[in-house]
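Just below is one structure, and these are the notes that go with it.
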Amino acid sequence: MSRRIGILTGGGDCPGLNNAIKWVVKTAARYNEKLPPDRRFEVIGFRDGWAGPINYSSKYPVLPAGQDFFGGHHARILDEMVVRSWDRQGGTCIGSSRTNPFAKGSDLWMEVVRSYRELDLYCLIALGGDDTQSVTWKLHEKGLNVLTIPKTIDGDLAGTEYTLGFDTAVNVIVEEVDRLRSTAASHGRIMVVEAMGRHAGHLALAGGAAAGADVVLIPEVPFKPERVAELVKARMGGGARYCVVVAAEGALIEGKGHVSKEADGKDEFGHVLLGGVGRYLEEYLTQALGADVRSVILSHLQRGGVPSSWDRRAGRLFGIAAMDLVVEGRFGMMASMKDGRIAAGPIPAAEKNMVLVDAARAYDADRYQPALTVLRDLK
Ligand code: F6P
């Protein structure tokens, strides 16, 4: 009997997930070359995040390699041939969902444990952001061998300097701002671009910096609408024909809070749906400046498309690292990045395992800009 490794992708998808899966499978195959048959690894992909192991039933057995999920099947074998071309594809080829096995009042986690036992898994690798990480840790506490790989375009997960998907999402912001520049310049318009990132400003800040946005608004520093108007006016008065504002979806108006769609409800992990700041600023700046303003919500465009070269490499490195951890039997760990190198540390267990922008260092709270002092810590 081989050693079975379950793998799943939880939460919002992002480019880079397939790369990590591919390299888990390929690294397992390389290890297998030196292992006796009964010690070899077999990788099983679960369908749609935690919904996979929750819904797995022996009535619908694990599908053979090459057979995609269908009907009631929630697990499939992944081999080198299956994942061969996955690294060029965005999203996740095994599907994802925001299913929470520990949702209040539910015992769904027991179904995960049941599937783990029924499938005789050696370990489970979960690729995910803050929610998936904390769920995986809880399962570790329930006695399962688990490992994680970090991903989220928000770039806000504790315990790692990099999360898959972030670089591709930053590139999308840059590409879209570049596109908006030509039309904004032609019409002398102000463009407000709403970026994702939930309660953290990493994505808006990195995207705004790389795109050369004139004003960047992040959730960590509530903004004054009148100051945004002042900055935009100064930029237009300085001879520029247009202006680009990048606002994080979670940006807060000073003294008022979120322009959120809280009324629209929450997801299974209790997150409110953020958004609306772009539209708010469009209306505010139109009124305040009598200017021609348009807003663009980048939304899921930031999560779509093929992975950037860095996300391809990071996915590969995280996948290899996860398999190294499996071989070393170091469970309860997350493959991560530390000091610019691939590392491993404990799974960020806390439900509030997000790291926000260190605004005092990285942000100019007067000019609403990425800080211009980057070397200040160097002696
Ligand atoms: O966490 C990733 C993220 O893309 C956030 O930036 C965004 O707020 C949220 O997911 C959107 O979630 P959904 O895909 O469920 O609409």
Side-chain angles (χ1 to χ4, degrees), residues 8-17 20 48-51 90-92 94-100 103 126-136 148-160 162-173 176 193-208 216-220 246-252 257-280 295-305 307-308 311 314-315 348 350-357:
L8 62 83
T9 50
D13 73 322
C14 68
L17 290 170
D48 297 346
W50 296 110
T92 162
I94 52 174
S96 191
S97 70
R98 293 200 186 274
T99 311
N100 181 1
L127 286 70
D130 49 345
D131 300 323
T132 307
Q133 299 287 339
S134 64
V135 164
T136 313
T148 61
I149 289 176
K151 71 90 221 180
T152 167
I153 65 160
D154 302 346
D156 62 349
L157 184 65
T160 182
Y162 190 70
T163 56
L164 291 178
F166 182 76
D167 185 63
T168 310
V170 170
N171 286 342
V172 172
I173 297 176
E176 299 305 328
V193 179
E194 186 177 306
M196 277 187 165
R198 256 204 239 281
H199 299 288
H202 304 285
L203 185 58
L205 198 60
V216 180
L217 304 174
I218 58 172
E220 291 81 352
V246 170
E249 63 180 358
L252 303 151
H258 280 130
V259 189
S260 75
K261 294 185 271 176
E262 201 151 340
D264 293 354
K266 299 182 178 181
D267 69 17
E268 276 203 33
F269 284 90
H271 302 298
V272 294
L273 299 166
L274 296 171
V277 67
R279 188 89 182 112
Y280 165 85
S295 62
V296 174
I297 304 171
L298 293 183
S299 187
H300 294 81
L301 286 174
Q302 293 156 105
R303 295 224 309 252
S308 66
D311 273 322
E351 274 178 25
K352 294 262 171 283
N353 52 12
M354 289 90 82
V355 177
L356 299 182
V357 169

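Ligands are counted one by one from 1 in listed order, and the atoms in each one are counted from 1 as well. When reading the values below, keep in mind they use all heavy atoms of this one structure, side chains included, and skip hydrogens, waters and symmetry mates. What you are looking at is a predicted structure, and each value in this text was computed from that prediction instead of being measured.
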Query raised in the report: Partners of E220 by side-chain contact (heavy atoms from CB on, under 4.5 Å), sequence neighbours excluded?
Result: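 Once residues adjacent in sequence are excluded, the partners of E220 under the side-chain contact (heavy atoms from CB on, under 4.5 Å) criterion are A200, I218, L356, V357, A359.
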Query raised in the report: Exactly which residues line ligand 1, taking a heavy atom under 4.0 Å from it as the test?
Result: R98, T152, I153, D154, M196, G197, R198, E249, H300, R303
**Report entry** Residues V193, E176; criterion side chain to side chain contact (heavy atoms under 4.5 Å, CB included); working and verdict
**Finding:** CA-CA 9 Å; V193 179; E176 299 305 328; 5.8 Å; no
Query raised in the report: Looking at residues at least two apart in the chain, or sitting in another chain, which of them share a salt bridge (charged side-chain N to carboxylate O under 4.0 Å, His left out) with D131?
Result: none
Report summary line: Which of H300, H202, M196 passes side-chain contact (heavy atoms from CB on, under 4.5 Å) with I153? It is M196
Requested in this report: Under the side chain to side chain contact (heavy atoms under 4.5 Å, CB included) rule, what do W50 and N100 come out as? Steps first, then yes or no, please.
Outcome: CA-CA 7 Å; W50 296 110; N100 181 1; over 6 Å; no
Query raised in the report: Who passes ring-ring contact (aromatic ring centres under 6.0 Å, His included) against F269, sequence neighbours left out?
Result: none
